[in-house]
Amino acid sequence: GPSGGQRPPPQDDLDLPPLIRALTWTKANENRQLQLQRMLKSLHEEERFETKRRNTIIAAPASHPQAATVNVRIHDRMVVKTADLQVSERHYLENVTMDRSLPIYNHLLGEITPATMKILDANLSTGEEVKEIYKELMNTIPKEHLKFDQGSLIECPATNLPHDSCFASSTLTKRKSEQIVNTELSQILPAGPFIPEEMFEAPQATNLPKKKLASKEYGSWLKWWKATYNIDDYFKYISNNTADYLPVIFHLKQLKAADSTSDRFEEFNVLQRRLERLWTVLHFSERERLDMAIKYSSNQYYLLLPDMLNSWEVAAQFIQDRELLLAEIEEFEQTASDPNRLFSKELGAFATRRQESNLRSQLQSELEQYNFELRLILKHINDAFNDIVTFKGRPYQDKMERDIVEMLYWLQQERRAVVLRKAVQSRSSGRLSSLF
């Protein structure tokens with residue numbers, strides 16, 4: 001053993017001692033070790049390639065434009081694509097406060113007049129009113145004007161009519177007075193009469209039978225006809241004549257249609273002028289004019305427009321005469337209904353009161369006559385056309401029952417206003433005189 005009694009420290013290397021290793025190591029073992037090392041290296045390469053392939057996303061080329069995306073890693077190995085722009089998850093918690101504003105004008109309190117209010121609201125209903133007008137006007141336009149098989153003037157075709165008897169040539173076998181011959185065809189014949197005997201090639205035999213003679217005459221006529229006329233002459237003839245049969249079948253007379261159309265337009269213009277004159281006489285507002293135009297443009301009432309105008313014009317004439325009489329009564333009652341006249345002590349006051357009574361009775365009688373006539377015509381208009389006759393926007397039936405009382409009331413109010421004005425002026429002048 002070694003001297004000093006100490007053992008050498010154990011070697012950390014696990015390799016065999018050089019002597020044993022030299023005895024057990026052969027060339028074959030070295031080749032095997034190299035082979036195993038190459039195999040281990042290839043396995044490491046495959047593992048690294050597989051790991052890289054799994055971490056890489058191979059996307060097929062898109063068939064349409066794609067939005068911008070970003071790669072997001074989920075867990076450790078999975079990678080997904082998300083949109084570059086995403087909806088924010090933040091919540092807007094601020095409250096929007098609006099200040100209350102009082103209305104500029106209060107029409108309920110009478111701050112603006114109805115006329116001003118209508119002007120302010122004119123733009124709100126202009127388009128709707130025009131649409132309603134055109135809608136009602138389109139309902140009056142007939143949609144079957146191109147259907148030739150309909151209409152009161154169209155007769156059904158004769159399906160079982162024998163066509164042989166319809167041609168003019170079928171009348172040639174009848175008596176001469178019943179034959180239909182086109183005299184215009186005689187104008188295209190050559191000059192000079194046609195003599196069938198001149199076309200005979202052989203001299204006429206007087207002893208031939210009638211049948212053979214007729215056959216020979218027809219043969220000579222046919223030869224003459226073929227030599228005289230050809231198809232070009234026929235085409236020339238029909239080209240110079242009217243061949244349009246549709247106007248004859250369907251009675252499409254252009255001149256008469258044009259005349260009827262112009263007559264209809266003239267009649268429409270006359271009705272329009274009468275309607276506008278009626279509106280002016282009765283002081284129709286724009287809304288009342290629009291309502292009447294829409295009503296009598298509809299299918300239900302537009303045929304009643306002439307009768308309606310006749311009735312309304314009669315009513316308007318009575319209303320004009322009655323209003324003139326009311327103006328005369330108002331002028332009379334300005335002095336005749338004044339109660340202060342009863343305290344007058346002038347001479348002839350009794351005779352004046354008597355004259356006033358007689359004149360009042362005469363005016364009231366005329367007014368009652370107008371009221372009676374107007375009640376009849378207003379009732380007829382309401383029953384026949386479902387219309388209410390108005391004057392200055394007020395139903396005239398209601399006005400007739402109250403206008404006399406209203407007139408007397410306002411005349412009395414005017415007298416009171418005059419007396420109060422004089423009293424105020426006298427009081428103010430008395431105060432001023434006392435001051436001086």
Side-chain angles (χ1 to χ4, degrees), residues 98 100-153 252 257-316 319 377-399:
M98 300 180 65
R100 293 179 58 189
S101 299
L102 297 176
I104 300 177
Y105 302 108
N106 191 345
H107 67 283
L108 299 177
L109 299 179
E111 296 180 358
I112 55 175
T113 61
T116 306
M117 186 170 59
K118 180 184 287 187
I119 295 174
L120 294 175
D121 296 340
N123 297 329
L124 300 178
S125 58
T126 302
E128 297 297 330
E129 293 176 354
V130 173
K131 288 181 181 179
E132 292 179 2
I133 292 173
Y134 275 101
K135 183 178 179 181
E136 294 296 333
L137 290 177
M138 290 302 294
N139 293 332
T140 63
I141 298 177
K143 299 179 180 179
E144 299 180 354
H145 58 281
L146 294 178
K147 296 182 179 180
F148 293 114
D149 58 342
Q150 296 183 7
S152 58
L153 301 179
L252 299 178
D259 294 340
S260 62
T261 303
S262 61
D263 293 342
R264 289 184 60 186
F265 276 111
E266 183 64 26
E267 183 181 357
F268 176 77
N269 292 332
V270 171
L271 292 177
Q272 184 177 3
R273 289 194 295 268
R274 291 173 60 188
L275 190 61
E276 291 177 354
R277 183 169 61 250
L278 178 68
W279 291 343
T280 304
V281 169
L282 298 180
H283 300 276
F284 268 37
S285 63
E286 294 296 332
R287 182 174 294 277
E288 290 176 330
R289 297 184 183 191
L290 182 62
D291 292 341
M292 180 174 284
I294 292 175
K295 177 180 178 180
Y296 287 97
S297 297
S298 61
N299 290 329
Q300 184 179 0
Y301 290 100
Y302 84 98
L303 293 176
L304 301 176
L305 182 59
D307 298 335
M308 180 275 294
L309 281 175
N310 294 333
S311 301
W312 273 73
E313 286 173 349
V314 173
I319 290 174
I377 188 64
L378 295 182
K379 186 177 184 302
H380 168 70
I381 292 175
N382 191 11
D383 296 340
F385 311 107
N386 197 20
D387 287 340
I388 298 177
V389 179
T390 61
F391 181 74
K392 295 183 179 180
R394 182 179 179 182
Y396 206 77
Q397 183 73 32
D398 179 67
K399 183 179 183 298

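For the numbers below, each heavy atom of this structure counts, side chains included, while hydrogens, waters and symmetry mates do not.
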Which heavy atom of I319 sits nearest to which heavy atom of L282, and what is that distance? CD1-CD2, 4.0 Å
Non-hydrogen atoms of F385 and S311 that approach each other most closely: CE1-OG, 3.7 Å
Below 4.5 Å, heavy atoms only, C-beta onward: do N139 and E136 meet side chain to side chain? yes
Is there a side-chain contact between L120 and I112 (heavy atoms, below 4.5 Å)? yes
Under the rule for salt bridge (Lys or Arg N to Asp or Glu O under 4.0 Å), what residues qualify as partners of K295, not counting sequence neighbours? D387
Distance check, rounded to the nearest 0.5 Å: T116 atom OG1 versus D121 atom CG? 11.0 Å
Is any side-chain heavy atom of R273 closer than 4.5 Å to one of N269? yes
Are L275 and L309 close enough that some pair of their side-chain heavy atoms sits under 4.5 Å apart? yes
If I take atom CD1 from residue I381 and atom CD from residue Q397, how far apart are they, to the nearest 0.5 angstrom? 11.0 Å
Euclidean distance, R274 CZ relative to M308 CE, rounded to 0.5 Å: 9.0 Å
Would you call the rings of Y396 and F391 parallel, tilted or perpendicular, taking 30° and 60° as the class edges? perpendicular
Closest contact, heavy atoms only, Y301 versus Y296: O-CD2, 3.4 Å
Quick check: are there more than 12 heavy atoms from other residues, nucleotides or ligands sitting under 6.0 Å from CZ of R287? no
With a 4.5 Å cut-off on side-chain heavy atoms, are I294 and K135 touching? no
